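Start at 1 and go down the list; that is how both ligands and their atoms are numbered. Note that the structure is predicted; figures quoted are calculated from it, not measured.
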Amino acid sequence: MNASESPLELAIASARVAARLCRKVQAGIPASMDKDDRSPVTLADYGSQAIILRAVQESFPDHGVMSEEGTAHLRSNADQAQVERLVALVSDAIGGKAEFEQVCNWIDHSGPSSAWAWCIDPIDGTKGFLRGDQYAIAIGILREGVPFAGVLACPNLPLDLDDPESPRGVIFAALRGEGAKRCPLDGEGWESVRVSDRSAADARVLGSVESAHGDPALVVRMMEDAGIEGGFVRFDSQVKYGILAQGDAEIYVRPRSRPDWRENPWDHAGGVVVAEEAGGRVTDLDGKALDFSSGGKMVHNRGVLATNGIVHEAAVAGLQAAEAI
Ligand code: AMP
Ligand code: MG
């Protein structure tokens, strides 16, 4: 990495390196080492986080970090072969020899308390990753608790969503006040992205593949109540924010999976900047602004609703009607 890089440039560069590592693992037979809450984690999650946090620690040691993974589970569950594979993956990605302890130190880097906080999901959508479907390397950078910059590397997203045979791999990036852009993950040529101007009747809705991550029946009721007829398509991970930002859908709705569920900041911070800078609007299900300032779970919000802006009020009203049933 280059010492003069801005936080956004560093996030883009390290997400690209991390994405290569993830692709290498997904091309084999990625295995889950389930965490104690039974959520899946793979060597690619650990490797990707090590790559990104090595870069953050080197270039922005005074920035804070919130990240999905930690090494307690890795240290107590990985066998020798997994440790060696992880070290080899990271060494190859950084072009040098890393030691396991060093890799663990990068994964666990949390930085000091700071006005800047990096929210990192090294593989958002690990279940999609394990199925060979969509996933994202997601980086959101908060400044004073507000999303400031976002990067989503989407290794399996077709460049043309209407053509599933088109080459795969897209990276989205956005900086507050500067707009959102995308680029082939493996190439150059950034282009601006902008949400669509469809109205509610034609709006296309995005949701999670995993029913347990939300409430798909509520989404269908919301569509009926709001007269939304553009269809409901399900993708894993924050690629949903990228798809909304590039104008291929108008609504991403994430109802709570259970009353006490609260969202993780790393599942949204990056995507929120990309969607908002593309002209979209992101709130919770009640239309309330997302609050990233709690330093952990997003305790002040209920679910997430991201739209092209035009359909936002109709979606909130549809959700209220659907929830009243
Ligand atoms: P998605 O692929 O959009 O379903 O989102 C993946 C993210 O869902 C993961 O990174 C998890 O942090 C998050 N997740 C895990 N369990 C739940 C749950 N019960 N409800 C909502 N989100 C969850
Ligand atoms: Mg996630």
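Heavy-atom contacts of S208 reach the following atoms of ligand 1: 1 (P), 3 (O), 4 (O) (cutoff under 4.0 Å). Each of the following atoms of ligand 1 lies closer than 4.0 Å to a heavy atom of D121: 10 (O). Near A212, the atoms of ligand 1 lying under 4.0 angstrom from a non-hydrogen atom of the residue are 18 (C), 19 (N), 20 (N). Remark: ligand 1 atoms within the under-4.0 Å shell around heavy atoms of D236 are 2 (O). Against a heavy-atom cut-off of under 4.0 Å, N264 is close to the following atoms of ligand 1: 12 (O).
The minimum heavy-atom distance between I139 and S14, with the atom names listed, is CD1-OG, 4.2 Å.
Rounding to the nearest 0.5 Å gives a distance of 5.5 Å between CD of E69 and OH of Y46. The distance from the CG atom of L161 to the CG atom of D248 is 5.0 Å, given to the nearest 0.5 Å.
Between atom 21 (C) of ligand 1 and the options Y241, F235, F129, W261, the minimum heavy-atom separation is to W261.
In this structure, atom 12 (O) of ligand 1 lies nearest to the protein heavy atom D267 OD2, 2.6 Å. Distance from atom 20 (N) of ligand 1 to its nearest protein heavy atom, with residue and atom name: S257 OG, 2.8 Å.
The residues R254 and D267 are annotated as not salt-bridged, no charged nitrogen and carboxylate oxygen being separated by less than 4.0 angstrom. At a threshold of 4.0 Å, the pair E323-R302 counts as salt-bridged, since one of the basic side-chain nitrogens sits closer than that to a carboxylate oxygen.
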K288 vs H300, side-chain hydrogen bond (donor to acceptor under 3.5 Å, both in side chains): CA-CA, chis, key distance, verdict: CA-CA 9 Å; K288 193 173 141 197; H300 302 297; 5.6 Å; no

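Within 6.0 Å of atom CG in D197, 12 or fewer heavy atoms from other residues, nucleotides or ligands are found, so the atom counts as exposed in its surroundings. The environment of D36 atom CG is sparse: at most 12 non-hydrogen atoms of other residues, nucleotides or ligands sit within 6.0 angstrom.
At least one N, O or S atom of D121 sits under 2.8 Å from the Mg ion (ligand 2).
For the pair R234 (side chain) and V209 (backbone), a donor-acceptor distance under 3.5 Å is present. At least one donor-acceptor pair closer than 3.5 Å links the side chain of Q49 to the backbone N or O of I107.
Of all the heavy atoms of K240, the ones lying under 4.0 Å from any atom of ligand 1 belong exclusively to the side chain. At a heavy-atom distance under 4.0 Å, no atom of T126 approaches ligand 1.
Under a 4.0 angstrom heavy-atom cut-off, R256 registers as lying outside contact with ligand 1. Residue contacts with ligand 1: R254 is included, with a non-hydrogen atom under 4.0 Å away.
For D267, the N/O/S atom at the shortest distance from the Mg ion (ligand 2) is named OD1. With respect to the Mg ion (ligand 2), D124 has OD1 as its nearest N, O or S atom.
An N or O contact shorter than 3.5 Å links S237 to ligand 1 by distance. Considering both main-chain and side-chain atoms, W266 never comes within under 3.5 Å of ligand 1 through any nitrogen or oxygen pair. In terms of N/O distances under 3.5 Å, ligand 1 is approached by H213.
The side-chain tip of R256 does not point at the ring of W261 from less than 6.0 angstrom away and within 45° of straight on.
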